[in-house]
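Given the structure is predicted, the values throughout are model-derived calculations rather than measurements. Start at 1 with the first residue, then count along the sequence.
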Amino acid sequence: MREASGQRGRARWVLAGVGLLAGFIAGLFGVGGGIFIAPGLMLLGGYSQREAHGTSLATSAVFAASGVVAYALNSAVDPVAGLLIFAGSGLGVLVGTDLLNRVRLRTLQVAFVVLLGLTAGRMLAGTAVTEGDLTLTVAAAFGLVGCGVLVGLVAGLMGVGGGVIVVPALVLLFGVADVTAKGTSLLVVLPTAIVGTLRNLRHENVDLRGALFVGAGGALSAFGGGMLAGVIAPEVSAGLFAGLLIVIALRMIRDIVRPVGLVADPPDDPPGTGDDPSSDADDDGRLG
């Protein structure tokens, strides 16, 4: 719709600010940043639910590429674990991106709010403190691949990089040090996001121009977040991040219960009689 497109143009500078903050979060916590970007694109940029998730996933690739460099400079990346997880996530993300076009928007919204809540809960609960390295066994290898499948499904369906699963899984299930888990997570997010974005492009669920715009705002901050990951007190950063996620979740719950700003034809304007005859086909619950 033209109204939504105009709002999106006016919100470009706002989305750059979203990218700046999301990039820092991505680097600091070893996530793709999509858990913040997707709601920002919908609430501030006028994106539809599906396009917001697809564009968010594309932006996650930019953040991951920047953040993983910072972790690699500190030797905090496990390439073997990352490769095994991606072996599963590469498949899972293909399935997830296909499901994105089949799942009802309300179901997708509810699932995303649940993901926000679970992530906030994990942040508030904290993670085990460990300084260990991954002991690679046959069972561990299959476990990492299985974890990757779940990561890919979540990434493709919800537009997040999957770090909210990778980091706690590596720390709690495989005994990997927290900083290494974050660096390895970003290593997984990068190719997973690229594969998912290529599939989303086929379904026209990505605004690459918007993704680059948001990504440009957060590329440097993602690197800075990665450098600070081993310095900032984890309890403080986790609490702040959890609070932010709760605020976003509450805002989205409000829109689910009482949808406001949805672009729709007025009662006296039958579908297809607006300025743009093709607008009804493009209206996918876009927030105005």
Side-chain angles (χ1 to χ4, degrees), residues 1 4-5 8 11-12 15 18-19 22-23 26 31-66 85-109 111-112 115 148-166 185-219 222 252 278 281-287:
M1 300 283 292
S5 299
R8 184 184 299 182
R12 290 294 188 186
L15 294 182
V18 171
V31 299
I35 206 163
F36 182 73
I37 297 170
L41 291 175
M42 289 184 287
L43 300 176
L44 302 177
Y47 283 70
S48 71
Q49 183 90 22
R50 291 189 176 95
E51 192 176 15
H53 286 207
T55 304
S56 171
L57 186 60
T59 306
S60 294
V62 179
F63 292 164
S66 179
I85 296 174
F86 175 66
S89 68
L91 173 63
V93 75
L94 295 179
V95 177
T97 51
D98 283 341
L99 288 176
L100 180 61
N101 293 279
R102 302 177 184 179
V103 177
R104 294 179 59 185
L105 290 179
R106 182 58 57 88
T107 302
L108 198 60
Q109 289 174 323
F112 196 78
L115 179 63
V149 173
L150 179 59
V151 166
L153 283 171
V154 172
L157 188 58
M158 300 187 181
V160 299
V164 292
I165 298 174
V166 176
S185 171
L186 289 176
L187 181 64
V188 175
V189 168
L190 177 57
T192 302
I194 292 175
V195 171
T197 298
L198 292 175
R199 178 58 65 94
N200 277 327
L201 284 171
R202 293 177 56 185
H203 297 302
E204 299 183 349
N205 284 333
V206 183
D207 175 15
L208 279 181
R209 187 175 181 181
L212 291 175
F213 197 91
V214 178
M252 295 194 72
S278 65
D282 295 333
D283 187 358
D284 191 18
R286 190 183 302 276
L287 294 170

Atom CD in Glu204, atom CZ in Arg50: separation rounded to 0.5 Å? 13.0 Å

side-chain contact (heavy atoms from CB on, under 4.5 Å) with Val195: of Leu94, Leu91, Leu57, only one passes, and it is Leu94

Closest non-hydrogen atoms of Leu187 and Pro191, given as atom of the first, atom of the second and distance, are O-CD, 2.9 Å

If every non-hydrogen atom of Ala38 is compared with every non-hydrogen atom of Ser56, which pair is closest and at what distance? N-OG, 3.8 Å

Sequence neighbours left out, what pairs pass salt bridge (charged side-chain N to carboxylate O under 4.0 Å, His left out) with at least one residue falling in residues 187-202? Asp98-Arg199

So Leu41 and Asp207, do their side chains get closer than 4.5 Å, heavy atoms only? no

In Å, rounded to the nearest 0.5 Å, how long is the span from CD1 of Ile37 to CE of Met42? 11.5 Å

Could you pull out all residues at least two apart from Leu198 that satisfy side chain to side chain contact (heavy atoms under 4.5 Å, CB included)? Ile194, Leu201

With sequence neighbours excluded, tell me which residues meet side-chain hydrogen bond (donor to acceptor under 3.5 Å, both in side chains) with Thr55. none

Those residues that, when tested against Ser89, pass side chain to side chain contact (heavy atoms under 4.5 Å, CB included) (two or more places apart): Phe86, Val151, Val188, Thr192

Using the test side chain to side chain contact (heavy atoms under 4.5 Å, CB included), find all partners of Leu99 that sit at least two apart in sequence or belong to another chain. Val95, Val103, Leu157

Shortest non-hydrogen pair, Leu190 vs Ala65, comes out as CD1-CB, 3.9 Å

Closest contact, heavy atoms only, Phe63 versus Ala26: CB-CB, 3.9 Å

All pairs passing salt bridge (charged side-chain N to carboxylate O under 4.0 Å, His left out) where residues 32-41 contributes a residue, at least two apart: none

Hey, is the main chain of Val62 close enough, under 3.5 Å, to the side chain of Ser66 for a donor-acceptor pair? no

Which heavy atom of Gly196 sits nearest to which heavy atom of Val93, and what is that distance? CA-CG2, 3.6 Å

